[in-house]
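To keep things clear, I will list the structure first and then write my remarks on it.
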2 protein chains.
Amino acid sequence: MPHKKEIELFASHIRRKNLKHTEQRTQILKTFLETERHLTAEELYVSVKRKYPSIGYATVCRTIKVLCECELCRELKVEDGVSRYEHLYGHEHHDHLICTSCGSFTEIMSPEIEKLQEKLAAENEFALTRHSLELYGICKKCNH
Amino acid sequence: MPHKKEIELFASHIRRKNLKHTEQRTQILKTFLETERHLTAEELYVSVKRKYPSIGYATVCRTIKVLCECELCRELKVEDGVSRYEHLYGHEHHDHLICTSCGSFTEIMSPEIEKLQEKLAAENEFALTRHSLELYGICKKCNH
DNA sequence: ATACCTGCAAATGTTTTGCGACTAA
DNA sequence: TTAGTCGCAAAACATTTGCAGGTAT
């Protein structure tokens with residue numbers, strides 16, 4: 001059974017928060033886990049709707065919130081103003097290369113940059129809680 | 001005369017693009033140049049309206065676009081989804097510390113981080129055009 | 001039984017656009 | 001004269017919310 005841990009995490013969050021285990025939530029979680037990362041709420045909605053046509057967009061948005069609360073999902077805000085959602089559980093922190101031609105997201109990570117960010121924050125006596133780093137440009141594929 | 005260069009830059013952009021030199025644009029430019037940085041369109045609108053009550057919000061938004069085109073202004077997209085605008089002319093590239101308590105923006109710059117970003121992009125054969133780095137947390141003042 | 005949940009439509013909040021009147025060049 | 005501009009109201013767009021009916025526990 002794929003995503004066993006994630007499904008258990010979701011179930012225990014549901015229990016802990018006195019929420020209800022509904023077919024809609026199950027379908028949204030399943031589709032989210034099965035799908036490539038960095039999708040928009042709209043994309044997830046369309047995807048779920050294929051298997052569960054009665055689903056409403058609002059339910060998808062509300063369930064994404066629950067997924068974020070239990071740390072299965074992370075919201076990314078990028079420059080087009082549309083939120084994207086990616087898997088968080090079991091994934092190391094990372095930033096992104098975002099191709100402005102094909103819209104692809106590539107995960108990147110630099111421990112040196114992380115350290116330098118902390119140094120900058122410390123120099124400004126700033127209590128860092130999180131950061132957002134995106135590099136925009138043209139990806140390898142689009143550059144042929 | 002303050003902001004002489006900026007006003008000339010704006011005027012020459014106006015000429016080059018066959019736009020017109022209107023009182024509204026003059027007022028918006030003036031207020032933008034005189035005001036602390038990182039304001040929203042709404043804040044700039046309110047500010048201009050004080051001296052020029054007939055101004056419309058749409059005109060402010062349209063003029064901000066022109067300011068960005070002639071590189072007097074840079075648009076920042078941050079996590080609250082509201083665009084902020086800052087002075088660009090004569091300002092070195094920088095990133096921001098953003099206080100989630102008081103909303104203040106502090107400019108930061110690290111040549112090492114810039115270099116590492118270029119290195120990351122190169123490693124991924126990614127043609128970097130720009131980036132966005134914001135550090136969120138609590139600023140010195142708010143942390144008393 | 002009773003919280004909680006759902007889908008829908010309406011509201012929200014920001015930014016953009018269509019339009020008829022107006023104005024700079 | 002005429003292309004470009006203005007202010008207004010409406011549209012756009014993603015996301016959120018109110019609500020009445022439905023469902024899990």
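Here is how names work: the chains are called A, B, and so on, in the same order as the sequence lines, proteins then strands, and each is numbered from 1. These values consider heavy atoms only, across backbone and side chains, with no hydrogens, waters or symmetry-generated copies.
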Review point. OP1 or OP2 of dG7(D) sitting under 4.0 Å from any side-chain N/O of Gln24(B)?
Key: yes
**Study point:** For atom CZ of Arg16(B) and atom C1' of dG4(D), their distance in whole Å
**Key:** 17 Å
Exercise for review: Taking only the side-chain nitrogens and oxygens of Tyr57(B), find out if one of them lies under 4.0 Å from OP1 or OP2 of dT15(C).
Suggested key: yes
Revision key, fill the gap. Taken to the nearest whole Å, CG/Asn18(A) to P/dC5(C) is 9 Å
Exercise for review: Over 60° means perpendicular and under 30° means parallel, so classify the ring planes of His94(B) and His38(B), tilted if in between.
Suggested key: perpendicular
Review point. Which whole-number value in Å describes the distance from Ile64(B) CD1 to dC6(D) P?
Key: 13 Å
Exercise for review: Please determine, for the side chain of Arg62(B), which listed nucleotide (dG18(C), dT17(D), dA14(D)) has the closest atom?
Suggested key: dG18(C)
Point to revise | Minimum heavy-atom distance Glu79(A)-Ser132(B), with the two atoms named | key: OE2-CB, 4.1 Å
Review point. Using a cut-off of 4.0 Å between protein heavy atoms and nucleotide atoms, how would you tag nucleotides 20-25 of chain C 5' to 3' with B, S and -?
Key: ----BS
Review point. When you measure from the side chain of Arg25(A), which nucleotide among dT15(D), dG7(D), dT6(C) comes out closest?
Key: dT6(C)
Check your understanding: Quick check: does any side chain N or O of Thr129(B) sit under 3.5 Å from a backbone N or O of Tyr136(A), one acting as donor and the other as acceptor?
Key -> yes
Review point. Just how far, in rounded Å, is C1' of dT14(C) from OH of Tyr45(B)?
Key: 14 Å
Point to revise | Hphob cluster co-occupancy, Tyr57(B) + Leu29(B), side-chain heavy atoms under 4.5 angstrom | key: yes
Review point. In whole angstrom, what separates Glu43(A)'s CD from dT15(D)'s P?
Key: 11 Å
Exercise for review: Provide, to the nearest angstrom, the distance between the NZ atom belonging to Lys65(A) and the P atom belonging to dT17(D).
Suggested key: 8 Å
Check your understanding: Taking only N and O in the side chain of Ser83(A), is any of them less than 4.0 Å away from OP1 or OP2 of dT15(D)?
Key -> yes
**Study point:** Spacing between Glu42(B) atom CD and dT12(C) atom C1', to the nearest angstrom
**Key:** 14 Å
Practice item. Answer yes or no: is there an ion pair linking Glu69(B) with Lys65(B), defined by an N-O contact shorter than 4.0 Å? Key: no
**Study point:** 5′-ward residue of the pair Lys17(B)/Ile55(B) relative to DNA chain D
**Key:** Lys17(B)
Practice item. Evaluate the side chain to side chain donor-acceptor pair (under 3.5 Å) criterion for residues His93(A) and His131(A): first the C-alpha distance (whole Å), next the side-chain angles of each, then the deciding distance (0.1 Å), finally the verdict. Key: CA-CA 10 Å; His93(A) 164 78; His131(A) 73 263; 3.3 Å; yes
Practice item. Have a look at Thr40(A) and say if it touches a base, only the backbone sugar-phosphate, or nothing, with a 4.0 Å heavy-atom cut-off. Key: nothing
Review point. Under a 4.0 Å N-O cut-off, is there an ion pair linking Glu107(B) with Arg37(B)?
Key: yes
Exercise for review: Take atom CG of Asp80(A) and atom P of dC13(D), then tell me their distance rounded to the nearest Å.
Suggested key: 13 Å
Exercise for review: Looking only at side-chain atoms of Val82(B), point me to the closest of dT14(C), dA14(D), dG7(D).
Suggested key: dT14(C)
Point to revise | Selected nucleotide, minimal atom distance to Ala58(A) side chain, candidates dG7(D), dA9(C), dT14(C) | key: dA9(C)
